There are 2 protein chains.
Amino acid sequence: MTPARSRRPSAPTRTERGIPEATVARLPVYLRALTALSDGGIATASSEDLATAAGVNSAKLRKDLSYLGSYGTRGVGYDVEYLRYQIAREIGVTQDWAVVIVGIGNLGHALANYSGFGTRGFRIVALLDADPDLVGEQIGDMEVRDIAELEDIVKTDRVSIGVITTPAGPAQEVCDRLVTAGVTSILNFAPVVLSVPAGVDIRKVDLSIELQILAYHEQRKSGEAALPPVPELPTMNGLPDLPSVGGGVGA
Amino acid sequence: MTPARSRRPSAPTRTERGIPEATVARLPVYLRALTALSDGGIATASSEDLATAAGVNSAKLRKDLSYLGSYGTRGVGYDVEYLRYQIAREIGVTQDWAVVIVGIGNLGHALANYSGFGTRGFRIVALLDADPDLVGEQIGDMEVRDIAELEDIVKTDRVSIGVITTPAGPAQEVCDRLVTAGVTSILNFAPVVLSVPAGVDIRKVDLSIELQILAYHEQRKSGEAALPPVPELPTMNGLPDLPSVGGGVGA
DNA sequence: TAGATTGTTAATCGATTAACAATC
DNA sequence: TAGATTGTTAATCGATTAACAATC
C-alpha cells in the first residue's frame, strides 16, 4: 500500500455539464410524472410526492434533479410547472425533432398511428417502405413514400432521428443510408445489432429480449424445485464435437 | 480508520446460483448471436467472434458466460450449438411460457402478428380487449376474446406472462387483474408506472421515453453552440408562484 | 421560531475492463 | 511443444442509498 495513493477523488463521471446516463434515462419519467401532477391541478410537489409518481425513491430523485440545478425550495418542494419546463428544456423537447419511420409493417403502422407521438417534441415527417404495394397508402394524415426518397427527405427536412421498423434483413442497410444522409440518432426495433459510426446514438427496443429476461426470472420463481439442477449433456439434435465437456457447472 | 475493518471481500452480488442483472439482460443477445452463427453454419466461435456478433467487448462476454459455468475450451473457443443450448436452458426458453396480450389496438395487433413471437419459448394463448367491436375479430389464427375471460384464461392456461398494450387509463386495473389471477411477469407498453406486489416482475417498453433519451443527446451534438446556455426564467404560459427562483443553474 | 424538505456528502454496492495465469 | 484462448482476478468506474447540514 503506497502512502500517498492518488485515488482520484470521486471523478466527475460526466463531462462538463453532462449528466450521468442513468439520470438521463429517468428524466423523461420525471417529465411524465410532472405532467400528470400538473394535469391533476397540483402546483407544488415534494421530492417524496414526485418520487412516488415516478416509481423511484426520493433520494435518487433529488440526486438526479441536483444535476440540473437547484430548482426546488427547501421546506416547500418543487413548483410543478417550473420544474417541468426545466426538465423539458434539459431533455430538448421544447423544440421539435424531425423523425422518419422506415418499414411500415404492423409495427411501423402502429407507431405511425401513435397519437401525439409520445408527448410533443417529435414530428414524424415521413413514413418509408420499399414495398411498392404499400407506397401511396394513407395512414392518418400521412402517406407512405418510397424508400428511394430517404436521402432527399432526411436532407430537406433536417431529420435527426430515424426509427427502424424493418425486418432484420434490411435493417443494417437502412441504418447506413440514414446515417449517410445525416441522421445522428437511431431507434431500432429490428432484432439485429446495428453498427454505426462514432457520434451516432442508437437505442434498441426488442420485444423478444424483454420476454426472455422475464422468462429467466419466471423460471427461478415457480421452477426452483421442479427443474433439474443441470443436465450433464443436453439432449439436442446433433451436438458435434463437444469441447471435452467436463460437466460441472462451476462453483 | 479502524484496524481490522471488515470490508466484506467482494460480496457475491448475486444470490446463490443467481446471475447479475446486467448479465441476465445480455444473455438473450448472446443467444440470438449464437443462433445467427449457427444458421451461418459456424460450429465453433471464440469469445472475440461472439462478442463482435453480439456487439459487446470480449472481456464482458467471457465474464458473463463464466456465471453460467465453464462451457468453453481454452485455446479453442465455444461450441456454438452447445453454448446456445446452455444459454437457452439458463434463460428458460427451452420450455414454453404462456402469454396473454391485453389491449388489441395498433400495437397489440402488431405484437399478435409478430411471427415466431421472438424466438420460440413463448406461446400466445389469448388476445383480450374490452371493446365489443373488436371481440371476435380474427388475427392470424387467433380470435380476440372479451377481457371478461381474463381470469378464466390465466388460470386454465397457467399464463405466467402478461403483455399490456392498453392505453394508460386502464393499464393499472388490467395489471391488477392479471396479477390477482396468477400472472407473475408483466411486460408493459402503456405509458404509466404500474405498481405490483413483491414477487411480480415488471418490465417496461416506452417509445416516447426512448425518443426523449435520444433527443437529449441529439441536443448536445448539433445544439451546443446554437442553444442559449440557460434562460433565467422560462417563457411558458402561467408559472404561478415560482419558488423564489434564484436563477442560477448550479455549478 | 419550529417544522419541513432540499441539496449534498460519503459510504456502499454493482458493473465494467484489462491483464494474465491456466490450460487446451 | 508453441500458439491460442478461456476463466478469473483485481482495479476502476459508475450508480444507488442513507443520512444530515443547510435553509426556506
Side-chain angles (χ1 to χ4, degrees), chain A residues 1-2 5-15 18-27 44-52 55-79 82-83 86 241-246 248-251, chain B residues 1-2 5-15 18-27 44-52 55-79 82-83 86 241-246 248-251:
Chain A
M1 200 185 287
T2 48
R5 185 69 196 294
S6 96
R7 211 215 209 253
R8 209 170 5 128
S10 67
T13 275
R14 59 222 157 79
T15 48
I19 294 176
E21 260 311 299
T23 296
V24 169
R26 282 187 295 265
L27 291 181
T44 303
S46 68
S47 62
E48 195 60 60
D49 298 337
L50 259 174
T52 301
V56 302
N57 72 52
S58 65
K60 188 186 283 178
L61 178 127
R62 284 199 304 278
K63 189 93 172 72
D64 284 340
L65 294 186
S66 77
Y67 292 115
L68 311 194
S70 291
Y71 294 136
T73 308
R74 290 164 132 106
V76 177
Y78 300 88
D79 181 278
Y82 181 59
L83 183 59
Q86 293 300 339
D241 49 277
L242 291 185
S244 84
V245 177
V249 174
Chain B
M1 203 187 283
T2 47
R5 185 68 196 297
S6 96
R7 211 216 210 251
R8 209 167 7 127
S10 66
T13 276
R14 57 218 158 82
T15 49
I19 293 176
E21 260 313 298
T23 297
V24 169
R26 281 187 296 264
L27 291 181
T44 303
S46 68
S47 62
E48 196 59 61
D49 298 336
L50 259 174
T52 301
V56 301
N57 72 52
S58 66
K60 188 186 283 180
L61 178 127
R62 286 200 302 280
K63 189 90 170 79
D64 284 341
L65 294 186
S66 78
Y67 292 115
L68 311 192
S70 291
Y71 295 136
T73 308
R74 289 163 131 108
V76 177
Y78 300 88
D79 180 277
Y82 181 59
L83 183 58
Q86 293 299 340
D241 49 276
L242 291 184
S244 81
V245 177
V249 174

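Lettering follows sequence order; numbering is per chain, from 1. Only this structure's heavy atoms are used, side chains among them; waters, hydrogens and symmetry mates stay out. Note that the structure is predicted; figures quoted are calculated from it, not measured.
Following rounding to the nearest Å, A:Glu21 (CD) and D:dT16 (C1') show an atom-to-atom distance of 16 Å. Look at CZ on A:Arg26: it is 8 Å from C1' on D:dA15, rounded to the nearest Å.
A donor-acceptor pair shorter than 3.5 Å cannot be found between the side chains of A:Thr52 and A:Asp49.
Closest heavy-atom contact between B:Leu65 and B:Leu83: CD1-CD2, 3.8 Å. The shortest heavy-atom contact between A:Tyr78 and A:Ser46 is CD1-C, 4.4 Å.
Consecutive Watson-Crick or G-U pairs involving DNA chain C, each under 3.5 Å on both distances, make up stems of three or more pairs at C:3-24 with D:3-24.
Taking B:Ala51 as the reference, B:Val56, B:Ser58, B:Leu61 meet the side chain to side chain contact (heavy atoms under 4.5 Å, CB included) condition, with sequence neighbours excluded. When the salt bridge (Lys or Arg N to Asp or Glu O under 4.0 Å) test is applied to A:Arg62, no partner is found at least two apart in sequence or on another chain. For A:Lys63, the side-chain hydrogen bond (donor to acceptor under 3.5 Å, both in side chains) test picks out A:Tyr67, with sequence neighbours left out.
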Which is it for B:Thr44 and B:Thr73 under the side chain to side chain contact (heavy atoms under 4.5 Å, CB included) test, yes or no, and what are the steps along the way? CA-CA 10 Å; B:Thr44 303; B:Thr73 308; over 6 Å; no
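The side-chain heavy atoms of B:Leu27 and B:Leu68, taken from C-beta on, include a pair separated by under 4.5 Å.
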Quick tally for nucleotides 3-9 of chain C: nucleotides whose base has a protein heavy atom under 4.0 Å get B, sugar-phosphate-only ones S, the rest -, giving -BBBBBB
